[in-house]
Amino acid sequence: VSYSQMTYAQRGKQHTNPVAQELFAIMERKRSNLSLAADVATKAELLALADKVGPYICVLKTHIDVISDFDADLVAQLQVLASKHDFLLFEDRKFADIGNTVKLQYGGGIYRIADWAHITNCHVIPGEGIIQGLAEVGIPKGRGLLLLAEMSSKGMLATGAYTDKNIEMAVRNDFVIGFIGSRRFTEERDLITMTPGVGLHAAGDALGQQYRTPEMIVTENGSDVIIVGRGIYGPGKDPVTEAQRYRDAGWAAYEKRLFV
Ligand code: S5P
């Protein structure tokens, strides 16, 4: 039986990675496969948004380096909200350098990403050493990594043989828990796909973003988590209403996939 036909609960029970186990358990408890991409500019906005939308999401995805007034207290408060609302933290750092450099970027600097982000991601453009470098820092802390096997934007170059290489590297590295991409990529082990570029209303933006619906992504393509940003907090939107709508749409798309 394909992983796409199994429940999140079943997959969590048989998974060997602690972050993946926890993620599946949260998804089942909250009946949510929604991740919020919280791309706001200040600490206060990020905390307010995370607190409001927290009850409806399984993962809060951050770009911590866009917060103009970042400080260590922001991280402490995000951790409090993650426990309060039962979600994981995913820092969308998109590492892309040699293994030695990404070790420094992941574990150190002012953000100390590995200390608080359950999940982060990387491009494999430098070769497999990037995964090994990140794993040296992340495995002892019980973290997980996603590979950017594809992107959502117009004209993106992660296709064909490059995407295939991502899959091969993911299968043989235990630190990798899955992918950013548009579909389920392999049955060789249970690698989780998270998909950005999800929207119920808009087709895209002026800078190349392209949106597809939860049904296309989860039911048809077998992806596991939908990542939604401006569809939830964009101009004129009520984040709580929209988060509930995307949570319900994502869950319905998942149930439809199970019961077909
Ligand atoms: O291919 C990608 C990969 C990512 S992680 N396309 C993306 O859009 N993202 C991220 O998803 C992007 O950095 C942003 O944080 C989010 C999409 O936001 P939205 O406002 O367009 O939903």
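Keep in mind the model is a prediction, meaning the values are calculated, not measured. Numbering of residues begins at 1 and proceeds along the displayed sequence. Just follow the structure's listing: the first ligand is 1, and inside any ligand the first atom is 1.
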Task: Side chains of Asn121 and Asp92, donor plus acceptor under 3.5 Å - done: yes
TODO: Return the residue, atom name and 0.1 Å-rounded distance of the protein heavy atom closest to atom 14 (C) of ligand 1.
DONE: Asp39 OD2, 3.2 Å
- [ ] State plainly whether the residues Glu150 and Arg183 are in salt-bridge range, i.e. N to O under 4.0 Å.
- [x] yes
Open item on the list: Going by the closest heavy atom to atom 19 (P) of ligand 1, which one wins out of Tyr233, Tyr211, Phe90?
Closed with: Tyr211
- [ ] Write out the residue and atom name of the closest protein heavy atom to atom 6 (N) of ligand 1, then the distance separating them to 0.1 Å.
- [x] Ser152 OG, 2.7 Å
Task: Which residue and heavy atom of the protein sit nearest atom 5 (S) of ligand 1, plus the separation - done: Asp92 OD2, 3.0 Å
TODO: Return yes if a side-chain donor-acceptor contact under 3.5 Å exists between Gln21 and Asn17, otherwise no.
DONE: no
- [ ] Could you tell me whether Trp251 and Tyr8 have their ring centroids closer than 6.0 angstrom?
- [x] yes
Open item on the list: Under 4.0 Å from a heavy atom of Arg230: which atoms of ligand 1 are those, numbered in the order shown and with their elements?
Closed with: 19 (P), 20 (O), 21 (O), 22 (O)
TODO: Could you say whether the N/O atoms of His63 and ligand 1 ever approach to under 3.5 Å?
DONE: yes
Task: Residue portion contacting ligand 1 (non-hydrogen atoms closer than 4.0 Å) for Pro196 - done: side chain
- [ ] Please work out which of the three classes, parallel, tilted or perpendicular, describes the rings of Tyr246 and His201, given edges at 30° and 60°.
- [x] perpendicular
Which pairs would a plain distance check flag for residues 133-142, meaning a side-chain donor or acceptor within less than 3.5 Å of a matching protein atom at least two apart in sequence or in another chain?
from	atom 1	to	atom 2	distance (Å)
Glu136	OE1	Lys103	NZ	2.7
Lys141	NZ	Asp115	OD1	2.9

Open item on the list: For atom 10 (C) of ligand 1, tell me which residue out of Gln209, Met156, Lys61 has the closest non-hydrogen atom.
Closed with: Lys61
Open item on the list: Looking at non-hydrogen atoms alone, which of Gly229, Ala37, Ala158, Gly208 comes nearest to atom 22 (O) of ligand 1?
Closed with: Gly229
Open item on the list: We want to know whether Ser153 and Gln209 form a side-chain donor-acceptor pair, criterion being a heavy-atom distance below 3.5 angstrom.
Closed with: no
TODO: Please identify which atoms of ligand 1 are closer than 4.0 Å to at least one heavy atom of Met151.
DONE: 1 (O), 2 (C), 3 (C)
